Each structure stands twice: as C-alpha cells, then as structure tokens.
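The figures here come from the full heavy-atom set of this structure, side chains too, leaving out hydrogens, waters and symmetry mates. Every value quoted in this text rests on a predicted model; they were computed, and no experiment measured them. When a residue number appears, it is its place in the shown sequence, counting from 1. Whatever order the structure lists ligands and atoms in, that order sets their numbers, starting from 1.
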Amino acid sequence: MTIAGKQRKVKELLRKNKAVLLVHYYQREEIQDIADYLGDSLGLSIEAAKTEAAVIVFAGVKFMAESAAILSPEKTVLLPRLEAGCPLADTITIGELDDMKKNHPGAAVVTYVNSTAEIKAASDICCTSANVDRVIRSIDRDAPIIMAPDGNLADYAARITGRNIIAWKGYCPVHHFLDPDDVQELKDRYPEAVFAAHPECRRVVLDLADYVGSTGGILKYVRTVDAEIVIVGTEMGIIHQLAKQNPGKTFVPASPSMICETMKYTTLDDIVVSLEEMRNVITVPEEMGAPARRALDRMLAVS
Ligand code: 13P
Ligand code: SF4
C-alpha cells in the first residue's frame with residue numbers, strides 16, 4: 001500500500017474507534033502529517049488531559065503515553081510500539097531517587113516528564129522544557145530543589161532561575177553528545193545563521209545558542225526570527241515542521257547524529273495494527289497513577 005493509502009487507513013480506523021492521534025515533533029514525517037494534534041511534551045500532555053475521545057493513540061515514546069494514561073485513566077491509551085522508550089527516562093531508578101530525597105530532607109522534587117510513572121509518583125511536581133522556568137519559580141524560595149533525571153535541563157533551570165538545584169546526572173544521548181566544535185564550525189560556515197537549541201544540550205552548546213527552548217518554543221522562535229538560515233540543535237524530526245511553516249528559510253541540523261532512534265520506531269503500519277486489534281494498551285496502576293497525576297496536575301496548573 002502507498003503511504004497515502006496507509007494514511008487514509010489510519011484516519012478511517014481513528015474515526016471508527018473514536019480515537020485521536022497525538023504526535024510528537026520527532027516522529028516520522030508521514031505520521032506528523034496526519035496528526036490530530038502535533039506538539040511538544042507539554043502540549044501533548046495538555047491535549048491528553050482535555051480530549052474527549054475514547055481512545056488516544058500516542059505516536060511518541062512510552063513516557064508520553066504513560067502521562068496520557070495517568071492524566072486520563074478512563075481512556076484507552078495505545079502505544080503502537082511498546083519498545084519505543086526514552087533512554088533518558090531510564091537513567092534513574094526509584095531507589096536512586098529515594099537516596100537523593102534521604103540525603104536532602106525537605107527538598108522539593110521536580111521531575112522532568114521524560115521519566116517513568118514510578119519516578120513521577122515520587123515527585124512533587126513535573127516539568128517539561130517548555131515550562132521549567134515557571135515550575136521552578138512556583139516553588140518556595142527557601143526550599144532546596146531536587147531535579148531528575150536530566151542534568152543538563154537542571155543546569156539550565158538553575159541558570160535561568162538563579163535557584164540552587166541538586167541534579168541527577170542523567171542525560172539524553174541525542175542532545176548530550178552534540179559537540180560544541182561542530183556547532184561552531186556551522187556558525188563559521190553560515191555566519192548569518194541563528195542557532196536554536198534544546199535545553200537537553202550541554203551548557204557548552206547552549207552558550208553558543210541564540211535561542212534555547214522546547215521543540216514548541218523553537219518552532220515559535222523560528223516563525224518570528226529575522227534570519228534565513230537556522231542551525232537546529234535538537235532532534236531532526238522537527239525540521240519537517242520547521243520547513244513546512246517557514247518555506248523561505250533553510251534549516252541545517254547541528255549534527256547528522258541528532259536522531260532519536262526510539263522516536264522513529266513507530267510506523268503507519270504499527271498504528272494500523274494497534275487500532276485494528278486495540279493492541280498495546282498502556283495502563284498505570286492507580287496506586288502509582290494517583291500521586292503521578294498530582295505531580296502532572298500541579299505542572300499543568302502553573303503552565
Ligand atoms: P519537548 O518537550 O521539547 O517536545 O522535548 C521532548 C523530548 O523528548 C526532548 O528530547
Ligand atoms: Fe528521550 Fe532524547 Fe529521544 Fe527525547 S530525544 S525521547 S529525551 S532519548
């Protein structure tokens with residue numbers, strides 16, 4: 001079947017099952033193009049919480065589908081490829097977070113949404129890269145703050161808020177290994193270009209950036225910035241939307257290695273099978289779901 005044929009099939013099954021397709025910007029182009037809602041992690045959480053559809057199909061990675069299941073436990077949440085995980089989310093165990101809490105009694109625990117349901121459940125509030133500033137500022141000035149699992153996001157948050165943050169040193173391999181020398185080389189090759197970077201990159205890379213923000217933030221920035229060439233310091237999947245929204249501009253990936261393998265697992269065929277068989281339902285046990293929901297709801301309230 002052609003790609004267009006598969007896209008039609010997915011649309012038909014979505015209608016039949018009263019389902020919505022939520023898609024992250026790092027997904028394959030042919031899936032982005034048929035999304036009912038396409039967004040960054042924050043936008044996807046908001047949409048998952050408010051949709052009236054009975055079924056949510058998540059084209060993203062597991063923590064995103066889990067967040068949808070936590071926020072809407074009465075809905076059926078499908079993750080077409082169960083093995084589509086996020087290596088960053090797996091960098092901390094509950095035992096390690098418990099140790100941090102023991103070592104820093106009274107600290108508020110802020111968890112990046114790129115985390116497991118178990119870690120969210122042990123947290124006071126969640127954040128995404130789009131709202132980290134507001135989330136940190138919502139915490140009592142005198143309270144120490146533990147942030148997990150992304151050490152680079154924690155470092156960025158500490159810098160923009162001036163707060164002292166005790167960080168878990170997890171990282172996203174796609175962003176962490178972006179080499180500042182590669183970025184500098186591109187900046188030298190395209191002196192008129194701007195460089196937009198995701199806060200999961202290291203400080204040495206963010207120091208070279210004209211803009212730092214979530215995927216949604218980068219899209220907004222590029223729509224308004226007066227530059228014809230943009231060096232893109234995040235996963236390459238976003239370039240599809242950047243190019244669609246800004247036909248006159250040129251986008252240069254900061255590195256050819258910025259591809260998130262697990263974000264690319266999901267195919268149109270997987271979505272068809274998942275919808276036809278109602279297969280790969282994501283659920284979170286309520287004893288974990290309830291405290292995790294509290295942490296996500298607190299985040300949504302300050303967003
Ligand atoms: P955003 O929240 O910016 O969409 O990022 C999600 C993610 O997985 C970044 O690597
Ligand atoms: Fe996880 Fe990084 Fe992939 Fe985002 S890009 S899903 S943080 S591994």
Taking 4.0 angstrom as the limit, do [X] and [Y] come out as a salt bridge?
X: Glu276; Y: Lys9; value: yes
X: Arg293; Y: Glu286; value: yes
X: Arg159; Y: Asp207; value: yes

TODO: Report the C-alpha separation of Val222 and Phe251 in whole Å, then their side-chain angles, then the decisive distance to 0.1 Å, and conclude whether the side chain to side chain contact (heavy atoms under 4.5 Å, CB included) test is met.
DONE: CA-CA 10 Å; Val222 169; Phe251 299 98; 3.6 Å; yes
At a non-hydrogen distance cut-off of under 4.0 Å, which region of [X] contacts ligand 1 (side chain, backbone, both, or neither)?
X: Thr128; value: neither
X: Leu42; value: neither
X: Tyr26; value: side chain
X: His175; value: side chain

N or O contact, [X] vs ligand 1, cut-off under 3.5 Å:
X: Ser214; result: no
X: Ser41; result: yes
X: His198; result: yes

TODO: Scan for side-chain hydrogen bond (donor to acceptor under 3.5 Å, both in side chains) pairs involving residues 160-175, sequence neighbours excluded, and state none if there are none.
DONE: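 Pairs touching residues 160-175 that pass the test: His175-Glu200, His175-Thr234.
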Open item on the list: Starting from atom 9 (C) of ligand 1, what is the nearest protein heavy atom, named by residue and atom, and what distance separates them?
Closed with: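 For this ligand atom, the closest protein heavy atom is Glu200 OE2, 3.1 Å.
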Open item on the list: For atom 8 (O) of ligand 1, what's the nearest protein heavy-atom neighbour? Residue, atom name and distance, please.
Closed with: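 I find the closest protein heavy atom is Asn114 ND2, 3.2 Å.
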Open item on the list: If I take atom OG1 from residue Thr51 and atom CD1 from residue Ile46, how far apart are they, to the nearest 0.5 angstrom?
Closed with: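 It is 13.5 Å, given to the nearest 0.5 Å.
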- [ ] Could you tell me which atoms of ligand 2, counted from 1 in the order shown, lie closer than 4.0 angstrom to a heavy atom of Glu200?
- [x]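 Checking each atom against Glu200, I get 2 (Fe), 7 (S).
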- [ ] Locate the shortest heavy-atom distance separating Arg202 from Leu178; write the atom from each residue and the value.
- [x]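 Between these two residues, the closest heavy atoms are NH2-O, 2.9 Å.
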TODO: State the atoms of ligand 1, each with its element, that fall below the 4.0 Å cut-off from a heavy-atom position in Thr215.
DONE: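 Near Thr215, meaning under 4.0 Å from one of its heavy atoms, ligand 1 has 1 (P), 3 (O), 4 (O).
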Task: Protein N, O or S atoms lying under 2.8 Å from atom 3 (Fe) of ligand 2, listed by chain and number - done: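 Metal shell, protein only: Cys260 SG.
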TODO: Begin from the C-alpha positions of Ile56 and Val20 and carry the test side chain to side chain contact (heavy atoms under 4.5 Å, CB included) through to its verdict.
DONE: CA-CA 5 Å; Ile56 297 173; Val20 280; 4.2 Å; yes
